[in-house]
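What you see is a predicted model; the values in this text were computed from it and never measured.
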Amino acid sequence: MLDRPLPEGVRHRVVTLAADAFGGFTYPELPVSLRPYARFTPSRRVKYAATALAAALESDAAFRQKVAAKLSEAQPELTGALEAGTPPPAADPLDVAAAAYLLRPAGWAKLVATAGEEAQRADAERADEEALRELAALRGEVEHLHTHARTEAARARGELEAARKESDALHRKLRAAQSDVKRAEAAQRKLQTELDEARSAAARDKAAADSEARRLRARLAEAESVVEAGRKAAREGRSTEDVRLRLLLDTVLDAAAGLRRELALPPRDTLGVLPADTVDAVAPGQFSARDIATRALSDTDPALLDQLLALPQAHLVVDGYNVTKTGYPSMPLEKQRLRLLGGLAALAAQSGAEVTCVFDGADLDRPVLLAPPRGVRVLFSKSGETADELIRRLVRAEPPGRQIVVVSADREVADGVAKAGARPVASTLLLRRLARV
């Protein structure tokens, strides 16, 4: 037995031999501690399983003998010489020691120890030779560095002297340049002062010219505004008066035609008694005042609105939100508007009357995007104006004598338009009429 651990070189050579022979064993032939490394390559076994291999070779004689058998097959001359007790003198001491450790011939412990000592001695000699070579190389390098340093020092001294001379010349040039700069700066300050004075004068002249130009432009804009306002007033006056006169004329003509039909007046070109008037027969009875009173409709009867819109040139003005918030207040404002305008479009198509629907737009941030239906005029009040004020302006814009019907539940609106000659009706009356559309 060995009285001390295997030398490191011998141990590494033994582990390498065992790792190479490892692949020739079946899985059951391997010790339990080495089975996890069964699929490793020999180099990986040496790297990761060196301790386990060394322990198995030391403790498991059967495994060691199997490895020795593989070694005998691979190196029969070396193993034969060891078993004969005459190791070959030219063989590597590490190979001899590793084979002796595995085969365990007589005196194997001495062979292992001797091989370890020879390996250590050889390593020491190689280390000494390497150290001597490195020392010689370092001495040569140091000598070379000394020579190079002396050369560089001499060159640096020459460059330093040249740099000193050049620095003195540059200092002289710098002092001259500084003097030139000071003179240039003084001249520049003088020129800058003159330039600032010129700019100040130009700025004053420009400010005065700009002020005069703004004053002239303001006067020109004021004059143009006055001229345009005059032209617009003239155009609007003529246009408004023409429309009012035309509407009044159409109203009178339609009223005359309606009165002619109501009174059953004969044609204008008929004179005297017609032949049919001479035929004796029973004439129909005439309406009395009592009969006419019985034909009057209640203010809550939707037929009243039809009669009012049937009058010549009737104009229906609707307080939009007043009607929608009376009829369907739970809907969003957009859907309220669409529902009311759809009903008014159908009513306009049936009655032929002019229809205007007014919404309150005083609190709107921007105009409402809306496509008015055919036959219905849609208006929003301007900023700072309510829908009630816009309705009063619409009524005042109509000529006297035209039939204006205003739909609103607001008593103040109703009283105001009534004083202006319009006929107010309740919002519920329009809602009942639209329910029949």
Which heavy atom in [X] sits nearest to a heavy atom in [Y], and how many Å separate them?
{"X": "Leu308", "Y": "Ala314", "answer": "O-CB, 3.6 Å"}
{"X": "Val368", "Y": "Arg337", "answer": "CG1-NH2, 3.6 Å"}
{"X": "Val395", "Y": "Ala420", "answer": "CG1-CB, 3.6 Å"}
{"X": "Gln336", "Y": "Tyr328", "answer": "NE2-O, 3.4 Å"}
{"X": "Leu430", "Y": "Val318", "answer": "CD2-CG1, 3.8 Å"}

Does the side chain of [X] reach to within under 4.5 Å of the side chain of [Y], using non-hydrogen atoms?
{"X": "His315", "Y": "Val406", "answer": "no"}
{"X": "Val413", "Y": "Pro424", "answer": "no"}
{"X": "Val355", "Y": "Leu347", "answer": "no"}

Exercise. Between Tyr48 and Phe40, how do the two ring planes meet: parallel, tilted or perpendicular, split at 30° and 60°?
Worked result: perpendicular

Atom pairs and distances, donor-acceptor, side-chain atoms in residues 130-145, under 3.5 Å, two or more places apart:
| from | atom 1 | to | atom 2 | distance (Å) |
| --- | --- | --- | --- | --- |
| Glu130 | OE1 | Arg133 | NH2 | 2.4 |

For this session: Show the numbers, then the answer: is there a side-chain contact (heavy atoms from CB on, under 4.5 Å) between Leu394 and Leu379?
Result: CA-CA 10 Å; Leu394 286 171; Leu379 300 175; 4.1 Å; yes

Atom pair [atom1]/[atom2] of [X] and [Y] - distance to nearest 0.5 Å:
{"X": "Phe359", "Y": "Thr324", "atom1": "CZ", "atom2": "OG1", "answer": "6.5 Å"}
{"X": "Leu191", "Y": "Gln188", "atom1": "CG", "atom2": "CD", "answer": "8.0 Å"}
{"X": "Thr16", "Y": "His12", "atom1": "OG1", "atom2": "NE2", "answer": "4.0 Å"}

Under a 4.0 Å N-O cut-off, is there an ion pair linking [X] with [Y]?
{"X": "Asp168", "Y": "Arg172", "answer": "no"}
{"X": "Glu412", "Y": "Arg392", "answer": "yes"}
{"X": "Glu152", "Y": "Arg155", "answer": "yes"}
{"X": "Lys182", "Y": "Glu185", "answer": "no"}

Problem set entry | Between Arg436 and Gln350: side-chain donor-acceptor atoms closer than 3.5 Å | no

For this session: Begin with the C-alpha distance, continue with both residues' side-chain angles, and end with the deciding distance and a verdict on side chain to side chain donor-acceptor pair (under 3.5 Å) for Ser381 and Asp360.
Result: CA-CA 5 Å; Ser381 63; Asp360 196 346; 3.2 Å; yes

For this session: Might you work through the side-chain contact (heavy atoms from CB on, under 4.5 Å) test for Leu341 and Cys357, ending with a clear yes or no?
Result: CA-CA 8 Å; Leu341 294 177; Cys357 186; 4.0 Å; yes

Problem set entry | Over 12 non-hydrogen atoms of neighbours within 6.0 angstrom of CZ in Arg215 | yes

Exercise. Checking side-chain contact (heavy atoms from CB on, under 4.5 Å) for the pair Val407/Asn322: CA distance, chi angles, key distance, verdict?
Worked result: CA-CA 9 Å; Val407 179; Asn322 187 279; over 6 Å; no

Exercise. Stepwise, does the side-chain contact (heavy atoms from CB on, under 4.5 Å) test hold for Val227 with Glu224?
Worked result: CA-CA 5 Å; Val227 172; Glu224 291 178 348; 5.7 Å; no

Seminar exercise, completed: From the list Leu304, Ile404, Leu316, side chain to side chain contact (heavy atoms under 4.5 Å, CB included) partner of Arg423 resolves to Leu304

